[in-house]
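Have a look at the structure below before the remarks.
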Amino acid sequence: MLTERQRQILSAIVDDYIRSAEPVGSRSISKRGNVGFSPATIRNEMSDLEEMGYLEQPHTSAGRIPSHKGYRYYVDHLVTFGSLAQHEVEALKSFFSEKMQEMEQVIQHVAMMLSNLTNYTSIVMGPEMFSTTLRHLQIVPLNDRTAVAIIVTNTGHVENKTVTIPEGISVSEIEKFVNLLNIRMQNVPLLHFKSKLFSEIGEEMRSYVTGYEELIAMLNNVVEHDDENRIVLGGTTNMLTQPEFQNMEKVKSILDLLAETPVLAKLITGTPAGIQVRIGSENSFEAINDCSLITASYSFEGKHLGTVGILGPTRMDYGKVINLLDHLSKDMTLMLERWYK
């Protein structure tokens with residue numbers, strides 16, 4: 001348990017380091033009007049905080065920087081949120097006053113806005129792949145070789161894609177295929193759609209549908225396209241502007257991770273509803289062990305639909321990012337309620 005003085009000093013060090021990206025010394029802390037302790041007292045407390053694992057001393061610098069443990073304590077107990085800046089409020093108002101009809105358009109705009117407001121990397125997942133389920137499937141033949149596949153999800157999202165009908169497959173076989181899928185695949189999460197399609201459903205279709213393997217392959221491409229379009233990034237190269245990421249190998253490993261859609265899906269899902277902050281090694285991928293990831297969920301009628309996230313250095317402006325994501329996720333929830341009601 002930290003004393004009140006230690007809490008004040010840790011908070012001051014984190015705040016200064018977030019602003020300057022330079023190790024913080026006792027003299028600079030003592031000059032802050034809200035601290036009121038001598039440099040000698042601060043030095044002693046900084047040594048104790050370092051010994052307890054809340055601070056680190058980089059190289060031979062006289063100053064200290066927060067450790068991952070220090071950031072965690074700061075986020076859990078010390079961070080202040082304040083009010084959004086005027087330009088942030090105006091950006092949110094402007095965004096939600098625009099007329100957007102498609103969820104993909106919303107996701108693109110949110111990703112761009114978040115990266116611009118924070119100078120970090122934004123990750124936005126669209127109605128959540130892990131909870132979005134199939135409500136209805138329809139395949140409408142246009143001619144002997146071409147059809148439109150229509151997938152309707154439980155969130156009301158409609159996905160259309162033109163597909164090529166396998167040679168020799170009749171309209172009646174397509175109808176049997178679709179009817180069986182609508183019975184057996186309804187309410188199956190889209191994330192598990194393909195695995196279920198190729199396992200239990202495939203075996204069942206062997207007895208009922210001629211050419212079922214070709215039809216499954218045709219539909220597999222439709223669902224795969226749907227998944228990949230659900231995650232959007234903004235400001236992927238913003239890492240290059242941060243002093244912590246001047247090492248090109250480190251940056252490359254982060255950019256490689258951001259290029260993998262399944263990895264991103266795993267990264268920002270599976271967390272409880274609300275605001276979640278994962279600092280450094282709390283993230284499950286080594287490439288971002290020097291980063292912090294803050295996520296917020298948005299919902300409709302109590303159902304988790306998606307996630308917005310910010311990835312940046314552990315020296316992140318936590319108060320600003322948490323405040324911004326909190327406002328944005330609540331506004332997105334209200335927007336979805338207007339759309340679907």
Check step by step if salt bridge (Lys or Arg N to Asp or Glu O under 4.0 Å) holds for Lys320 and Glu88.
CA-CA 10 Å; Lys320 173 182 177 178; Glu88 294 166 343; 3.5 Å; yes
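Leu114 places a side-chain heavy atom less than 4.5 Å from the side chain of Leu324. Contact of the Ile29 side chain with the Asp16 side chain is registered, since non-hydrogen atoms from C-beta on lie closer than 4.5 Å. Leu264 is not listed as a side-chain neighbour of Met125, based on a closest heavy-atom distance of 4.5 Å or more. Using a 4.5 Å cut-off on side-chain heavy atoms (C-beta onward), Val14 and Leu78 make no contact. A 4.5 Å side-chain heavy-atom check between Val124 and Ile231 finds every atom pair outside the cut-off.
Remark: side-chain polar atoms of Ser30 are paired, donor with acceptor, to backbone N or O of Arg27 under 3.5 angstrom. Distance alone, capped at 3.5 Å, is enough to place a donor-acceptor pair between the Arg315 side chain and the Ile18 backbone. Asn116 places a side-chain N or O within 3.5 Å of a backbone atom of Met112 that can act as its donor or acceptor partner. One N or O on the side chain of Gln186 and one on the backbone of Arg135 form a donor-acceptor pair closer than 3.5 Å. Without hydrogens or angle criteria, Asn283 side chain to Phe285 main chain gives no donor-acceptor distance under 3.5 Å. Arg145 places a side-chain N or O within donor-acceptor distance of the main-chain N or O of Ile165, the cut-off being under 3.5 Å. Formation of a donor-acceptor pair under 3.5 Å by the Ser297 side chain with backbone atoms of Gly306 is not found in this model. In this structure, the side chain of Thr41 does not engage the main chain of Phe37 through any donor-acceptor pair within 3.5 Å. Looking only at distances, no side-chain donor or acceptor of Thr146 sits under 3.5 Å from a matching main-chain atom of Asn143. Between the side chain of Ser122 and the main chain of Gly234, a donor-acceptor pair closer than 3.5 Å is present.
Classification of Glu282 and Arg72 as a salt-bridged pair holds, one side-chain N sitting under 4.0 Å from a carboxylate O. We find that Lys176 and Glu173 are joined by a salt bridge, their nearest charged nitrogen and carboxylate oxygen being less than 4.0 Å apart.
The shortest heavy-atom contact between Ile65 and Pro23 is CG2-CA, 3.8 Å. Ser26 and Pro39 make their closest contact through CB-O, 3.5 Å (heavy atoms, listed as atom of the first residue, atom of the second, distance). In terms of heavy-atom proximity, Glu56 sits nearest to Pro66 at OE1-O, 4.4 Å. Scanning all heavy atoms of the two residues, the minimum distance from Tyr54 to Leu2 falls at CE1-CD2, 3.6 Å. Residues Ile279 and His68 come closest through the heavy atom pair CG2-O, 4.1 Å. In terms of heavy atoms, Glu22 sits closest to Tyr17 at O-CD1, 3.2 Å.
A side-chain contact (heavy atoms from CB on, under 4.5 Å) with Thr295 is found for one member of Ile275, Val277, Thr307 and no other, namely Thr307.
Taken from CD1 in Ile268 to CD1 in Ile123, the straight-line distance is 6.0 Å, to the nearest 0.5 Å. Between atom CD1 of residue Ile254 and atom SG of residue Cys291 there is a gap of 4.0 Å, rounded to the nearest 0.5 Å.
Other residues, nucleotides and ligands place more than 12 heavy atoms under 6.0 Å from the CD atom of Gln246.
Within the 6.0 Å centre-distance limit, the rings of Tyr318 and Tyr71 are counted as a close aromatic pair.
Residues His327 and Asn323 bring a donor and an acceptor atom of their side chains to less than 3.5 Å of each other. A side-chain N or O of Tyr74 and one of Asp15 form a donor-acceptor pair less than 3.5 Å apart. For the 3.5 Å distance criterion, the side chains of Arg7 and Tyr73 qualify, holding a donor opposite an acceptor.
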